[in-house]
Asker: 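Please see the structure below; I have some questions.
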Amino acid sequence: MTKTFTQDDVIRYLYQETAEKESNEIEKAMLCDARLQEMYKEFALIKKDLSRALKQPSERVINSILNYSKSLNLPSKP
Amino acid sequence: MEKYRISDSQLVSLYKNGNEEAFEQLLNRYKAKVFTTIYLIVKDNYVAEDLLQETFVKVVRTIKEGRYNEEGKFLPWLMRIAHNLAIDYFRKDKRYPTVVLEDGSKVLNTLQFAEDSVESIQVQRDMHSKLRELIQELPTAQREVLMMRHYMEMSFQEIAESTGVSINTALGRMRYALINLRKKMKQYNIAYDQNIYPR
C-alpha cells in the first residue's frame, strides 16, 4: 500500500531532508498521485529559480576584500 | 567528469597557513549567496556591498587570529555573521524591515533597484530581478525561513531552533513562501524554466 504524503513531506524531500527509505516511498507515491507529482514539479521549478536568482557583488568589492586579506599579516595563534 | 572539489575545511586550513588562493576560492564559492542574503534584508545594493565586505573582514580576522572554531561548519558560520550584520544595520538605524502580516498584506518598502547583474540575457536578468523583489514582498516569517533554508543552507530543524518555533511551523512557513512565490510569478506572468531537474 502506498503511504500518504503531505506538501511538507515533499518540501523535505526537495531539500534532501528525507532518509533514503522515505525518499523512495515519496518517489513511489508521486508515480501514483498526479497531484503530489505536480506539486513537486512546481516547488522544484521555484527552487531552481531561487538558486539562479543569486545576485553578484561587484568586482570592486571582491578585490577590496582580497586586498584586505593579503595586507593583514597577523601572527596566527596555535 | 566531475571535478574534485576541495572542502571548505581544507580551504580554511590552507588559508590559516597563509594560502591566500584558498581564501579567494572560499570567497568566490560563497560571495553570491552571502550577498543575496544581505541584499534581501537591507534592500540596498551599496549597503549590501558594505556589509558583505564587513562580513569577510570578520572572517579574515577570525581565521588569521586563530579564533575560528574548527568543529563548526564554515558556511553556516559565515551566513550567521552576514545575517547578524544585516539585522544589526537595521537595529542601529531603527529601520527594521516593514513587518508584514502572515496573511500576506502588502509591504510598503519595496524598492525598484538598478541591476548590476552578470547575466547576459535580458529576459533572465529581468526574471531574477523580479524574483528577488517578490522574495522581499513575502511576509517576514516566510522570507526568513526561505532565506535560512535556501541561501543559508540551514536544515529545517536548525531553523526551528534558531527561530523558536516547531519544525512543522518552519516547514509550513517554507511551504507558504514557495506557494506565494509561485502565485506571484504567475500573476506577473514571469516565465520560468520549465525543465525539471533531479533535486
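Computed from a predicted structure; not experimentally measured.
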Asker: Is it true that A:Thr6 and A:Asp9 share a donor-acceptor pair across their side chains at a distance under 3.5 Å?
Answerer: yes
Asker: Check each atom of A:Ser51 against the heavy atoms of chain B and say whether the ones under 4.5 Å are side chain, backbone, both or neither.
Answerer: both
Asker: Counting heavy-atom pairs under 4.5 Å to chain A, which of B:Leu146, B:Leu40, B:Leu27, B:Asn17 comes out on top?
Answerer: B:Leu27
Asker: For B:Ile135, which atoms come within 4.5 Å of any heavy atom of chain A: side chain, backbone, both, or neither?
Answerer: side chain
Asker: Sequence neighbours left out, what pairs pass ring-ring contact (aromatic ring centres under 6.0 Å, His included) with at least one residue falling in residues 51-75 of chain B?
Answerer: B:Tyr68-B:Trp77, B:Phe74-B:Trp77
Asker: Need one label for B:Asn168: side chain, backbone, both or neither, based on atoms under 4.5 Å from any heavy atom in chain A.
Answerer: backbone
Asker: Quick check: is B:Val165 connected to B:Met174 through a chain of hydrophobic side chains (ILVMFWY, heavy atoms under 4.5 Å apart)?
Answerer: no
Asker: Less than 3.5 Å apart, any donor N or O on the side chain of B:Gln25 or B:Tyr15 sitting next to an acceptor on the other?
Answerer: no
Asker: Ignoring hydrogens and geometry beyond distance, is a side-chain donor-acceptor pair present between A:Ser69 and B:Glu20 at under 3.5 Å?
Answerer: yes
Asker: Flag the one option from B:Ile179, B:Asn28, B:Val59 with the top tally of heavy-atom pairs under 4.5 Å to chain A.
Answerer: B:Ile179
Asker: Only pairs of heavy atoms separated by less than 4.5 Å count here; which of B:Gln53, B:Glu24, B:His150, B:Lys33 has the most with chain A?
Answerer: B:His150
